[in-house]
Amino acid sequence: MLHLYNSLTRKKESFTPREAGKVGMYVCGITVYDFCHIGHARMFIVFDVLFRHLQALGLDVTYVRNITDVDDKIIARAAQNNEPVDTLTQRYIDAMWEDEAALSVLRPTHEPRATAAIDDMIKLIEKLIDGGFAYAADNGDVFYSVAKFADYGQLSGRKLEDMRAGERVAVDQNKEDPMDFVLWKSVKPGEPSWSSPWGEGRPGWHIECSAMAKSLLGEQFDIHGGGMDLQFPHHENEKAQSEAAHGKTFARYWMHNGFVRVDEEKMSKSLDNFFTVRDVLEEYNGEEIRFFIVNSHYRSPLNYSTAQLDSSRAALQRLYTALRGTLNVPEKGVDQSAIDRFDEAMNDDLNTPEAFAVLFDLASDINKQSSPTTDEAIVLANTLRALGARLGLLQSDPDVALQAAPVKDGAMSAEQIDALIAERLAAREAKDWQRSDEIRDQLTDEGIVLEDANGKTTWRRG
RNA sequence: GGCUGAAUGGCAGAGUGGCUAUGCACCGGAUUGCAAAUCCGUUUACCUCGGUUCGACUCCGGGUUCAGCCUCCA
């Protein structure tokens, strides 16, 4: 039985889909005006792990993750670059897909773009106005009236009075209440805009998600996810809009992933302390980055550091080392008790650290076998590969994985390495230990680690 | 100021009212020409002060520190 922490109730709850066997899941994606950083990667990977786990439980998952492709920052960046908005957004969407592929993130079922759903947004805003939950101001902006929605503040655990008391933003004179938020913004010169009953303009951010979720998942669905920082105001507003418009509970479970930090501080664009996925891929491969992220619980803060990535690399090497030399014979079956233990951990609100312990125990058991080709080793290795797949890891050929590293200029090629190993082998046969060690030292300097076993020498990148 | 959440061994990171997490690092042994990998073994812990309890790192309360949100943000 799957249990998930529901941000709405602030406790773990048993998960039952609203329709047996099917799950509708919506996750707030990114605003495409720059490259993805490790914080974005965490969101991609966390919900990818959930997507995979729900599927492993036999559920038919419709996973929607939107792309915000109209927004103040996008407009500003396009103007700065002197390029059309859609050229800019497409470039960063392509980059996002590249990054995701490197991190073994599965593509969601749907990746709707805000600009393709403007009509749905307008309809939703009209419905809110008709229902008395929104109003058009004289300047063409349309606002949501928070005072009209009794449950406002439920998701973020805030009271309207408290929020008003702590008001820190300059109040827009067009608003009836300082807490009201914009649904439709009237056009400003030079900005992209669409026609609407309130004149030319563009949608506010929150209404985008409400509209896209409704059109792809319906008025009510199972899981809504996103980063911790979206809980307020974005998700609170989204919930208020959708529930006011449709008169029913919007998402049944709300899930929020924790942040990636740098020096104990949130990684973000505005603090300028972010590392892009592609920068980190220069030094670490996608699987190492993915391991680093999955290695901690999705709700915990995760501190970014190269020491941690180095540790992830070492841990991954241990798992791949155990798989090295094992035969891939799926017919021999799997170790069900390990799978059960893994499922139990994952069913407990995606306890990936505990799930990892199962993988390491399997690796240990494989290593204890007299040979990697015994029936028992094959079963254990099958299990390790299968559970690795559940986390989006360990799907490479072990030798390839152990020898792969981001290629740097001037790095020694596999051919050069093999040639030196052959020369060393000859030296060793002649018991010329000095020459043998010289070659090994030379390779060590190149970051190549040699392992002599059973008369053969294998190498890996350290 | 308001609201959340967190504090575990050298580092990372789970978990449990009494019993080994796991990974990395360290130390001893086996193995190896020497290493590496692997195996065996050892060492290091639960922020603080009270309370509940036969017994608390684990439950309750106070405190301290840290982070997040309250403004665009995964």
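So you know, we letter chains A, B, ... as the sequences are listed, proteins then strands, and number each from 1.
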(message) Please classify the nucleic acid contact of A:Gly225 as base, sugar-phosphate, or nothing, using heavy-atom distances under 4.0 Å.
(response)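 Since no nucleic acid heavy atom lies under 4.0 Å of A:Gly225, the category is nothing.
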
(message) Under 4.0 Å, heavy atoms only, any strand: does A:Val260 hit a base, just the sugar-phosphate, or nothing?
(response)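 Contact class for A:Val260: base.
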
Just by modelled atom types, is the [Y] backbone N or O under 3.5 Å from a matching donor or acceptor in the [X] side chain?
X	Y	result
A:Ser186	A:Asn139	yes
A:Arg299	A:Asn257	no
A:Asn6	A:Leu8	yes
A:Asn367	A:Ala363	yes
A:Glu236	A:Ser156	yes
A:Asn66	A:Arg113	no

Less than 4.0 angstrom between a side-chain N/O of [X] and OP1 or OP2 of [N], yes or no?
X	N	answer
A:Lys368	B:C40	yes
A:Asn351	B:A14	no
A:Lys266	B:C69	yes

Taking [atom1] from [X] and [atom2] from [N], how many angstroms apart are they, rounded to a whole number?
X	N	atom1	atom2	value
A:Ile448	B:A37	CD1	C1'	16 Å
A:Asp365	B:C40	CG	C1'	15 Å
A:Leu271	B:U71	CG	C1'	13 Å
A:Glu264	B:A6	CD	C1'	11 Å
A:Glu161	B:G2	CD	P	15 Å
A:Lys159	B:G1	NZ	P	17 Å
A:Asp162	B:G1	CG	P	14 Å
A:Asn303	B:A6	CG	P	18 Å

Sticking with atom [atom1], work out how far [N] lies from [M], rounded to a whole angstrom.
N	M	atom1	answer
B:C26	B:G51	C1'	40 Å
B:G23	B:C60	P	31 Å
B:G18	B:U71	P	44 Å
B:G41	B:U20	C1'	13 Å
B:U4	B:A36	C1'	48 Å
B:U8	B:C3	P	25 Å
B:G15	B:G1	C1'	36 Å
B:G9	B:C57	C1'	12 Å

(request) Show your working on ring pair (Phe, Tyr, Trp, His ring centres under 6.0 Å) between A:Tyr63 and A:Tyr26 and close with a plain yes or no. (result) CA-CA 6 Å; A:Tyr63 174 21; A:Tyr26 187 95; 9.2 Å; no

(message) Between A:Arg158 and A:Gln308, which residue's closest nucleotide on RNA chain B lies nearer the 5′ terminus?
(response)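 Of the two residues, A:Gln308 wins.
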
(request) Step by step, work out the ring pair (Phe, Tyr, Trp, His ring centres under 6.0 Å) result for A:Tyr298 and A:Phe47. (result) CA-CA 9 Å; A:Tyr298 76 92; A:Phe47 290 102; 7.2 Å; no

(message) For residues 91-103 of chain A, which residue pairs pass the side chain to side chain donor-acceptor pair (under 3.5 Å) check, not counting sequence neighbours?
(response) A:Arg65-A:Glu100, A:Glu83-A:Arg91, A:Gln90-A:Asp94, A:Trp97-A:Glu111, A:Glu98-A:Arg278, A:Asp99-A:Arg278

State which residues pass salt bridge (charged side-chain N to carboxylate O under 4.0 Å, His left out) with [X]; sequence neighbours excluded, sorted by chain then number.
X	result
A:Arg385	none
A:Lys148	none
A:Arg435	A:Glu423, A:Glu438
A:Glu264	A:Arg261

Side-chain ion pair, [X] and [Y], N-O less than 4.0 Å:
X	Y	value
A:Asp222	A:Arg252	yes
A:Arg290	A:Asp48	yes
A:Lys175	A:Asp141	no

(request) Select one nucleotide: of B:A37, B:A74, B:G5, the one nearest the side-chain heavy atoms of A:Arg10. (result)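 That would be B:G5.
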
(request) Go through residues 34-42 of chain A and report each residue with a non-hydrogen atom lying under 4.0 Å from RNA chain B, sorted by number. (result) A:His37, A:Gly39, A:His40

(request) Enumerate the residues from residues 70-81 of chain A whose closest heavy atom to RNA chain B is under 4.0 Å, giving them by residue number; use none for an empty result. (result)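 Contacts with RNA chain B under 4.0 Å: A:Lys73.
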
Distances for protein N or O near nucleotides 32-36 of chain B N or O, under 3.5 Å:
residue: B:G33; atom: N7; partner: A:Arg428; partner atom: NH2; Å: 3.4
residue: B:G33; atom: O6; partner: A:Arg428; partner atom: NE; Å: 3.2
residue: B:G33; atom: O6; partner: A:Ser436; partner atom: OG; Å: 3.3
residue: B:G33; atom: N1; partner: A:Asp437; partner atom: OD1; Å: 3.0
residue: B:G33; atom: N2; partner: A:Asp437; partner atom: OD1; Å: 3.4
residue: B:G33; atom: N2; partner: A:Asp437; partner atom: OD2; Å: 2.6
residue: B:C34; atom: O2; partner: A:Arg440; partner atom: NH2; Å: 2.3
residue: B:C34; atom: N3; partner: A:Arg440; partner atom: NH1; Å: 2.9
residue: B:C34; atom: N3; partner: A:Arg440; partner atom: NH2; Å: 3.3
residue: B:C34; atom: N4; partner: A:Asp452; partner atom: OD2; Å: 3.4
residue: B:A35; atom: N6; partner: A:Asp452; partner atom: O; Å: 3.0
residue: B:A35; atom: N1; partner: A:Asp452; partner atom: N; Å: 3.0
residue: B:A35; atom: N1; partner: A:Asp452; partner atom: OD2; Å: 3.2
residue: B:A35; atom: N3; partner: A:Arg440; partner atom: NH1; Å: 2.9
residue: B:A36; atom: N1; partner: A:Asp452; partner atom: O; Å: 3.1

Using a cut-off of under 3.5 Å, enumerate the N/O to N/O pairs linking the protein to nucleotides 19-26 of chain B.
none

(request) Sort by first number and list every stem of RNA chain B: at least 3 consecutive Watson-Crick or G-U wobble pairs, both distances under 3.5 Å. (result)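 The stems are B:1-7 with B:64-70, B:10-12 with B:22-24, B:27-30 with B:38-41, B:47-51 with B:59-63.
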
(request) Quick one: list whatever passes ring-ring contact (aromatic ring centres under 6.0 Å, His included) with A:His40, sequence neighbours left out. (result) A:His37

(request) Kindly write out the residues that satisfy ring-ring contact (aromatic ring centres under 6.0 Å, His included) with A:Phe181, not counting sequence neighbours, or none if the list is empty. (result) A:Tyr144, A:His206

